[in-house]
Each structure stands twice: as C-alpha cells, then as structure tokens.
Amino acid sequence: MATAADGRGNWGSRAGFVLAASGSAVGLGNIWKFPYMAGENGGAAFLIVYLAIVFTIGISVMLCEFVIGRASERSPVGAFAKLRGGAWPIVGFLGVAAGFIILSFYSVVAGWAVAYVFKSALGLLQTSDPAALGRLFGDFSSHPWEPILYHAAFMAMTVAVVIAGIEHGIERACKILLPLLFLILVALAVRSLTLPGAMEGLKFYLYPDFSKVSAQMVNGALSQAFFSLSLGMGAMITYGSYLARHENLTRATLMVTLFDTAVAFIAGLVILPAVFAFSFDPSAGPGLVFITLPAVFAKMPAGVVFAVLFFVLLTIAALTSAVSLLEVVVSYFVDQRGMRRKRSAVVAGGLTFLLGIPSSLSLGLWKDHTIAGKDFLSLMDYVGSNLLLPLGGIAVTLFVGWVILPRALEEATSRGAHPFSLARGWVFICRWVAPVAIGWILIGGL
Ligand code: TRP
C-alpha cells in the first residue's frame with residue numbers, strides 16, 4: 001500500500017498512520033497535563049473552552065499540517081521551502097526549536113512515569129494517605145540526580161525508537177499500546193467514580209462556573225489544545241509526509257482528534273473525582289497525577305497490578321509522543337542536511353537530554369531560581385506550548401488559507417477522491433478565524 005518511491009520510509013497502512021498520529025497526540029498531555037490544567041482552571045469551564053477550541057481551531061490546524069506534509073513529502077523546513085520558499089521555511093525552524101524545548105521537559109516528566117513503574121512494582125505506593133503520597137512525590141522529584149537518571153533512560157528509549165525508523169519503530173509500538181491504554185483508563189474511571197465522595201469531583205468537572213473564564217484560562221486552553229493534538233511545530237507535517245497519496249486525510253484528522261480528546265476527557269474522569277474523594281487540592285499542578293492516582297490504585301483490588309500496568313502504559317504513551325517530537329528534529333537533519341538518521345538521532349537526543357537537566361533540577365536544588373516568576377520547567381513549557389505552538393498554528397493556517405489554497409484543497413480531498421463537505425468552513429477558519437483568534441488569545445494571555 002505504501003509508495004516508498006523516494007526511500008524516505010512510509011507507513012505500512014492507513015490504520016498504521018492513524019494509530020501513529022494518535023500515538024503522537026495521546027501522551028502526557030492527555031493524562032498528566034490535561035487533568036491538572038482543568039484542576040487549576042476551574043474544571044468544567046476549562047473543559048468547555050478546551051472542547052470549543054479543539055473542534056474549531058485544533059482540528060483545522062491538524063488538517064493543515066497533514067496537507068502540507070503530504071503535499072510536499074518533506075519534513076517542515078523542506079516542506080515550506082518546496083511549496084513556496086521565501087521566508088516560509090523559518091516556520092519550520094521555529095518548529096524544530098519548539099521540538100527541542102518541549103521534548104526537554106517532556107522527557108523529565110516521562111522519566112517520573114518510568115520511576116513510578118518501579119516504585120509501584122516495589123509496593124512503595126501502597127497507601128491512600130494523601131500526605132504520604134505527596135511527600136513521596138516531593139522527595140523523589142526534588143532529589144538531585146534520581147529523576148535525571150530516569151530522564152536519561154527515557155531519552156535513550158526515544159532515540160532507540162527513532163533510529164529503528166518509521167514503520168518498524170513508531171507504528172508497531174502504537175498498534176498494541178493505544179487500545180490497551182484506553183481500556184485501562186476506562187477501568188480506572190469506573191473505580192474513581194465509585195469512590196465515596198467522587199460526585200463532588202464530577203460536579204467540578206461537568207458543571208461549569210463561567211466566572212472562572214479569564215484571558216489566562218483561555219490562553220491555557222489554547223496551548224493545551226495545541227500541545228495535546230501535537231500541533232504547531234510540524235510533527236503532523238512530518239507524519240503526513242510519510243502518508244500515501246490516496247488516503248483520506250479529513251477522516252484521519254477527525255479520528256485522531258476524537259480519540260485524543262476522548263482520552264483527555266476520560267483522564268479527567270479518573271483524576272478529578274479521586275482528587276475530591278481523597279481531599280487533594282485540584283490546583284496542585286504538575287504533581288497531581290502522580291499523587292492522586294496511587295491513592296486510587298491503593299483502593300482497588302489487585303491495585304499493584306493495575307498501578308504497574310498503568311505506569312508502563314503511560315511510559316509507552318509518552319514514548320510514542322516523544323518520538324514524534326524528536327522525529328521533527330531528526331528528519332530536519334536527515335532531509336535538509338543529509339545527515340545519517342542514527343547519528344542525528346543520537347546528537348539531537350543528547351542535546352535534548354542536557355537541556356532537560358535544569359528542568360529536572362527546578363523541582364529540587366534550583367527550586368528558588370525563577371525566571372520571569374517561573375521555575376525552569378514551567379518556563380520551558382510556557383515558551384514552547386504557550387508561545388511557539390500557537391505562533392506555529394497562525395503560520396500554518398495563513399500558509400494554507402492564503403498562500404497554497406488551491407493546492408491545499410486538492411490535497412485535502414486526495415485529488416477529488418475523497419470529497420470534503422466542510423471544505424468551505426475549513427477555508428474560512430484557516431483564513432480568518434484561526435489566525436485572528438489565536439493572535440487575540442496570545443496577546444490576551446501575555
Ligand atoms: N501531544 C503529545 C501529548 O499530548 C505531546 C506532543 C507530541 C507534542 N508531539 C508534539 C506537543 C508536538 C506539541 C507538538 O503528550
């Protein structure tokens with residue numbers, strides 16, 4: 001099915017592509033970040049703003065990225081150069097930079113998940129005492145070198161998968177993992193929702209209090225949408241570039257968006273009811289998932305088994321996302337600089353590891369060093385997710401809406417093979433709604 005004419009590698013099948021793109025999208029963003037963002041920003045009001053953004057701007061940007069990728073069959077820098085040239089390739093460079101920045105702290109948090117595989121297997125997490133679990137996470141994440149070891153281990157795994165290449169590395173990992181992750185999340189949601197006191201959390205999550213809506217919150221929801229859907233830095237351009245000509249892009253876009261959103265929503269159903277049932281603080285921030293979930297496991301029959309399985313799956317979900325972040329950087333060196341895949345994966349992975357070290361230390365030794373009021377990890381997240389990704393989104397929609405529209409429409413319908421009934425709405429969003437709304441939200445959030 002694949003047309004690997006140019007030897008860049010290709011997906012083995014359409015299901016493989018949808019799975020791999022979903023593998024990129026579904027990760028720590030859904031399970032770690034979404035619940036704590038919702039917790040910090042008033043629950044249901046955040047959820048509604050988030051959904052509104054995902055199904056207007058997010059889904060449109062994703063289609064843009066797939067279109068640019070497949071139309072050019074290049075990774076981001078080369079894609080813009082091939083389709084138009086001029087200053088446009090700068091957008092691709094920004095994407096490569098965003099990839100570095102995001103992956104650096106992403107790998108640190110993923111390292112926490114790896115560590116929790118071992119901690120749960122050793123039975124260290126078997127308590128539902130909030131204070132004890134909080135202390136455990138605090139001691140671990142502030143340790144000077146233990147989390148850095150796990151960060152290194154996670155980065156090494158990411159490099160290994162990227163070296164293995166497109167079809168055999170990325171695609172195979174996603175096929176088995178994603179359905180399994182989904183099932184276990186549903187099981188956890190059932191347990192969490194049936195805890196005494198869980199209904200408070202459900203109310204928080206589903207009954208909106210619109211006084212919680214603010215410019216910062218809308219900015220947070222926008223950043224989260226880009227982060228969760230893997231948009232704004234060319235990851236989906238890169239993935240689209242490996243896809244065969246005749247596949248239905250609009251359907252793939254819809255499927256990936258729905259799946260990613262469903263996983264985030266269910267993660268909220270797991271975490272937030274548990275937060276209330278155990279009287280944790282919903283605005284506890286980045287540690288939330290690592291503190292609440294063990295409490296839920298401790299209240300389950302065979303909780304240890306569930307805990308180990310869950311953290312293994314979370315690690316693999318993070319891995320399939322991290323791979324897409326590194327892949328953007330690596331494919332730049334491979335496609336544009338003629339570097340060998342292996343060498344560029346090792347170099348890029350090594351540099352990203354180094355950039356992640358200050359993020360890891362920012363929870364411990366460097367806790368008191370802040371830049372612009374943020375610790376280093378939050379700063380990296382802010383620069384990557386709140387600034388670079390939305391900027392990339394503006395660039396991508398303007399490019400499709402104003403610069404290559406006829407070509408883009410041809411690509412979105414696979415040269416007429418798959419009619420796209422919402423094409424006019426998509427074009428309108430690309431030309432006007434997305435650039436204006438993203439720009440406005442960006443400015444409001446500063
Ligand atoms: N979407 C992933 C997550 O939710 C993270 C991720 C992978 C990403 N690739 C990306 C974020 C590209 C932004 C851009 O965990």
Side-chain angles (χ1 to χ4, degrees), residues 19-38 50 54 57-59 61-62 64-66 69 75-76 91-92 94-113 154-155 158 161-162 170 173-174 177-178 181-182 185 221-240 256-257 259-268 286 289 313-332 348 352 380-393 395-396:
L19 277 167
S22 303
S24 166
V26 173
L28 297 173
N30 308 61
I31 294 163
W32 161 69
K33 204 171 175 200
F34 179 80
Y36 90 73
M37 293 279 285
Y50 176 77
V54 164
I57 297 174
I59 198 168
V61 173
M62 187 182 294
C64 288
E65 292 206 14
F66 285 157
S75 51
V91 180
L94 281 181
V96 173
F100 254 124
I101 292 176
I102 293 178
L103 184 55
S104 72
F105 74 84
Y106 199 87
S107 170
V108 170
V109 178
W112 300 346
F154 183 80
M155 221 37 242
T158 307
V161 178
V162 168
I170 301 172
C174 295
L177 148 88
L178 285 175
L181 179 72
F182 195 80
L185 270 181
L222 178 80
S223 314
Q224 175 60 20
F226 273 86
F227 189 90
S228 187
L229 295 169
S230 300
L231 302 176
M233 51 103 29
M236 293 306 189
I237 294 180
T238 308
Y239 275 27
V256 175
T257 306
F259 185 61
D260 184 70
T261 308
V263 173
F265 178 75
I266 297 174
V289 170
L313 288 173
L314 184 59
T315 300
I316 305 173
L319 188 61
T320 58
S321 301
V323 159
S324 77
L325 286 159
L326 188 60
E327 178 67 26
V328 171
V329 181
V330 168
S331 66
Y332 164 71
T352 316
M380 289 293 104
D381 188 10
Y382 186 80
V383 171
S385 319
N386 296 50
L387 300 179
L388 291 177
L389 297 184
L391 280 176
V396 162

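Counting starts at 1 for both ligands and their atoms, in listed order. This one's a predicted model, so the numbers in the text were calculated from it and none came from an experiment. Index from 1, following the sequence.
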>> Show me, by chain and number, every protein residue that has a heavy-atom distance under 4.0 Å to ligand 1.
In response: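 Only S24, A25, G27, L28, G29, N30, Y106, F227, S228, S230, L231, M233, A235, S321, S324, L325, L389 have heavy atoms that fall under 4.0 Å of ligand 1, ordered by chain and number.
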
How many angstroms lie between atom [atom1] of [X] and atom [atom2] of [Y], to the nearest 0.5 angstrom?
X    : Y    : atom1 : atom2 : answer
S230 : E65  : OG    : CD    : 9.0 Å
S228 : D260 : OG    : CG    : 3.5 Å
C64  : M236 : SG    : CE    : 13.0 Å

> Taking the six-membered ring for Trp, is the centroid-to-centroid distance between F154 and Y106 below 6.0 Å?
Replying inline: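 No: the rings miss the under 6.0 Å criterion.
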
>> Is the distance between the ring centroids of Y50 and F34 under 6.0 Å?
In response: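 So the answer is yes for these two rings.
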
>> If only side-chain N and O atoms count, and only distance matters, is there a donor-acceptor pair under 3.5 Å linking S223 with S385?
In response: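 There is no such pair between these side chains.
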
